[in-house]
Amino acid sequence: MSDPLLRLEDIVVERGRHRILEVPSLDIVPNEVLAVVGPNGAGKSTLLRVIGQLERPSRGKVLFGGLPISGNPLPFRRRMALVFQEPLLLDTSVEGNVRSGLSLRGVPANERQRRVEEWTARFGIGGLRRRSARTLSGGEAQRTSLARAMVLEPEILLLDEPFSSLDAPTRESLIDDLDAVLTTKRVATVFVTHDRTEALRLGDRIAVLMGGNVRQLGTAAEVFSSPVDSEVASFVGVETILPGRIRQLSAGLASVAVGDNTIEATTELQSGADVLVCLRPEDVIVSALADALPMSARNHLRTTVTRVRPAGPYVRLELDAGFTLVAHITKQSLEELALSPGSNAVASFKATAVHLIPHRPA
Amino acid sequence: MDLIWDGVTEALRLIFSGDSYVYEVTFTSLLVSGSATLIALVLGLSIASFLAFRAPPGRTLALSAFNAGMALPPVAVGLLVSIMLWRTGPLGQLHLLYSRTAIVIAQAVIATPVVAALSTAALQGLNPNLRLQVLALGASRWQAALLLFREARISLLAAAMAGFGAAISEVGATIMVGGNIKGSTRTLTSAIVLEVGQGDFETAIALSFILLGVILVLVTLFTVLQQRRPPA
């Protein structure tokens, strides 16, 4: 990893007696999108304000390019740009908004005009330049807000849930556009979101922030397939989390006792360890009792369907296998298998799909 | 009705005959009330920015004081400013009593709470994240304040108009601290009081119409400014 552009060291933010944020260390490196995910109230926006020099931490240091930020933060603020959840446009034209930061930063007029034309075109609002910001739709306003940030050509781009107030089609098209911009410009970005799919889509690395602490930091694959604890697992979409104990271990393959069942999982943990068995719903294959079982899966459990519920493009099934197992299947599969509450089915999953987290039983 | 009609015709005659007395008291009114409004705007906007953006401890208490200040009795202000400016008062050495400056001070004391209270409400009405957004765009504190004033300009201009209205329509404190001296501290309002006292209702009504006319013209200018579309 290259030298960090910005580094947080021993950052603590307290309000009254409450500790809002505690980050011993966090690096923002060039050319990388760091997605910060976490539930509401996790301290994500506070983290972004500390990075963006809009809030002084109670303790700790922020280093920009290796130098600690102290005194007037304005010169450092002018090397970054921030987009909030709301567009927060000024009461002027689209062009006036996109130009505003450039004027504040003293960019010469001809350069301002060139950049405004470039970035309004990139975000598809070139035709709206003369329109009053008050008359824009939500999507147009957020495009203006993004163009206003990118036109500054920041060294670090900070995004605070910029898509969460948009409807689904608008959000999709704006994420596509931003993805294209970030891919070509490779500007170091901190992208805060509570939506894990957005984080997966844009983030090169993902930090999971909960209760003001970075619980896990790693690539998307590491965080989503190997969450460090049950709360992270639950947040990143692992819907089946079961307490168990490793009974046997051979060549990295563990037999884990979960209730009366045994689940096979790959692991580096020791035999006898108490664990949480984590399984993502999309990794569970559901078949009828009479069907041939998928050969690649080592785990096959006889279950009874207890609940069927639509979940976006999928159907979410709750299956009783002595414990509750959650699976996502397509609507077409549901019809073909003719499943409804009370039906019997087999749930299969690979040993590599099971993630074991060390866990001390309560 | 005749009296009012006579007053209107007298007002027109005084204006168009170039009556120096009328022009002088009008000028004094505009000078002292304009200065007082400017002072009230500088102080009021500073106080409002501090209360709205910094949210200091005790903000509600301070706001209550400024809100109460909107109902400050002018005679009480006049008395207080007079005591301060008396030869034996704490500011007696400045020899300001019965001067235009004394009236400016009294009117500024009356107008400042009006501007401060209404401006604080205007700035508190802005989205709290807007200030952070403006700072993140690279604004210094001054640039941020000016941009946010522009965003709240409709309410802030209403506050300015209210402050000006409180200053120019004020009479009790003006007479107390100014002394109603002809050629120096006599304003439109204090002249009206004097004319009524002398039984010259025709001139008093004429001066009232001139005062109303001045207020109407200035407030219309403010309102045009307020309702103008923001520049791109």
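Not measured: the values here are computed from a predicted model. Chain naming here is simple, since letters A, B, ... match the order of the sequence lines and numbering starts at 1 in each.
Contact annotation for A/Arg49: only side-chain heavy atoms (C-beta onward) come within less than 4.5 Å of a heavy atom of chain B. Residue A/Leu158: no heavy atom, backbone or side chain, is found under 4.5 Å from chain B. Within the 4.5 angstrom heavy-atom criterion, atoms from both the backbone and the side chain of B/Gln133 approach chain A. Residue contact with chain B, scored on non-hydrogen atoms closer than 4.5 Å, involves the backbone and the side chain of A/Leu82 alike. In this structure, the portions of A/Leu90 lying under 4.5 Å from any heavy atom of chain B include both its backbone and its side chain. Only the side chain of B/Leu147 comes within contact range of chain A, with at least one heavy atom under 4.5 Å from a heavy atom of that chain.
Atom CZ of A/Arg114 is surrounded by more than 12 heavy atoms from other residues, nucleotides or ligands within 6.0 Å. For A/Glu111, the CD atom sits in a packed shell: over 12 heavy atoms of surrounding residues, nucleotides or ligands are nearer than 6.0 Å. By the 6.0 Å contact criterion, CZ on A/Arg186 is enclosed, its count of non-hydrogen atoms from other residues, nucleotides or ligands being greater than 12. Surrounding CZ of B/Phe53 are more than 12 heavy atoms belonging to other residues, nucleotides or ligands, all under 6.0 Å away.
The CD atom of B/Glu151 sits 8.5 Å away from atom OG1 of A/Thr92, with the distance rounded to the nearest 0.5 Å. Annotation: the span from B/Ser140 atom OG to A/Arg77 atom CZ amounts to 9.0 Å, rounded to 0.5 Å. The CG atom of B/Asn127 lies 11.0 Å from the CG atom of A/Leu89; values are rounded to the nearest 0.5 Å. Going from atom CD of A/Glu86 over to atom CG of B/Asn129 covers 5.5 Å, rounded to the nearest 0.5 Å. With values rounded to the nearest 0.5 angstrom, A/Leu74 atom CG is found 9.5 Å from B/Arg141 atom CZ.
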Using side chain to side chain contact (heavy atoms under 4.5 Å, CB included), reason through A/Leu152 and B/Leu137 one step at a time and then give a plain yes or no.
CA-CA 8 Å; A/Leu152 300 169; B/Leu137 283 171; 4.2 Å; yes
Would you give me the side-chain donor-acceptor pairs under 3.5 Å for residues 220-227 of chain B, sequence neighbours excluded?
residue	atom	partner	partner atom	Å
B/Thr220	OG1	B/Leu216	O	2.5
B/Thr223	OG1	B/Val219	O	2.6
B/Gln226	NE2	B/Ile154	O	2.7

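Across B/Ala139 and A/Leu104, no two heavy atoms sit closer than the pair CB-CD1, 3.8 Å.
Contact count against chain B (heavy-atom pairs under 4.5 Å) is highest for A/Arg148 among A/Arg79, A/Gln53, A/Arg148.
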